[in-house]
Amino acid sequence: MIESKIRKVGNSAVMTLTTKMLTILDAKEGDTIFVVRGDDGTLRIMAHDPAVADALAAAELVMDENRDLLQALA
């Protein structure tokens, strides 16, 4: 577990991501991160848009199922 404090900056609350957190996320300063709320109230921080990841996984599944057809069309 990594601990981080929430602090006030102007009218916002800010959580600082440590170098270790950025390394785990495979992110760097200036990158966009995505926060998704789970059904159990937890928050997940991700460096990649989960909607895009889901779409890519679905596309890969379709391509695997139709590999011969796609090769014939190419």
Side-chain angles (χ1 to χ4, degrees):
M1 179 186 324
I2 303 170
E3 187 175 302
S4 183
K5 297 282 184 188
I6 298 173
R7 57 190 170 84
K8 184 176 175 83
V9 175
N11 291 328
S12 300
V14 178
M15 182 184 91
T16 301
L17 297 177
T18 65
T19 303
K20 183 177 181 179
M21 290 178 191
L22 291 173
T23 300
I24 292 169
L25 285 170
D26 191 25
K28 61 185 179 310
E29 184 178 336
D31 286 353
T32 300
I33 59 169
F34 299 88
V35 179
V36 179
R37 183 176 182 194
D39 292 335
D40 59 355
T42 59
L43 295 177
R44 294 180 55 207
I45 301 173
M46 295 174 278
H48 306 287
D49 185 349
V52 172
D54 291 344
L56 289 173
E60 188 170 335
L61 181 63
V62 169
M63 288 186 289
D64 285 346
E65 291 173 353
N66 299 294
R67 185 166 306 282
D68 294 336
L69 176 63
L70 291 171
Q71 285 179 346
L73 291 173

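What you are looking at is a predicted structure, and each value in this text was computed from that prediction instead of being measured. Starting from 1, each residue takes its place in the sequence as its number.
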field: By salt bridge (Lys or Arg N to Asp or Glu O under 4.0 Å) - contacts of K8 (at least two apart)
entry: none
query: With a cutoff of under 4.5 Å between side-chain heavy atoms, which Ile, Leu, Val, Met, Phe, Trp and Tyr residues group with L73?
result: L69
statement: Applied to residues 16-29, the salt bridge (charged side-chain N to carboxylate O under 4.0 Å, His left out) test, sequence neighbours excluded, yields K28-D31
- request: Sort and list the pairs that fulfil salt bridge (charged side-chain N to carboxylate O under 4.0 Å, His left out) and have at least one residue in residues 33-47, not counting sequence neighbours.
  value: none
- request: Could you walk me through whether M46 and V36 pass the side-chain contact (heavy atoms from CB on, under 4.5 Å) test, one step at a time?
  value: CA-CA 8 Å; M46 295 174 278; V36 179; 3.1 Å; yes
task: Could you name each residue pair satisfying salt bridge (charged side-chain N to carboxylate O under 4.0 Å, His left out) that touches residues 65-74, not counting sequence neighbours?
output: D64-R67
query: For L22, which fellow cluster members are found when Ile, Leu, Val, Met, Phe, Trp and Tyr are connected by side-chain heavy-atom distances below 4.5 angstrom, either directly or through intermediates?
result: I2, M15, L17, M21, I24, L25, I33, V35, L43, I45
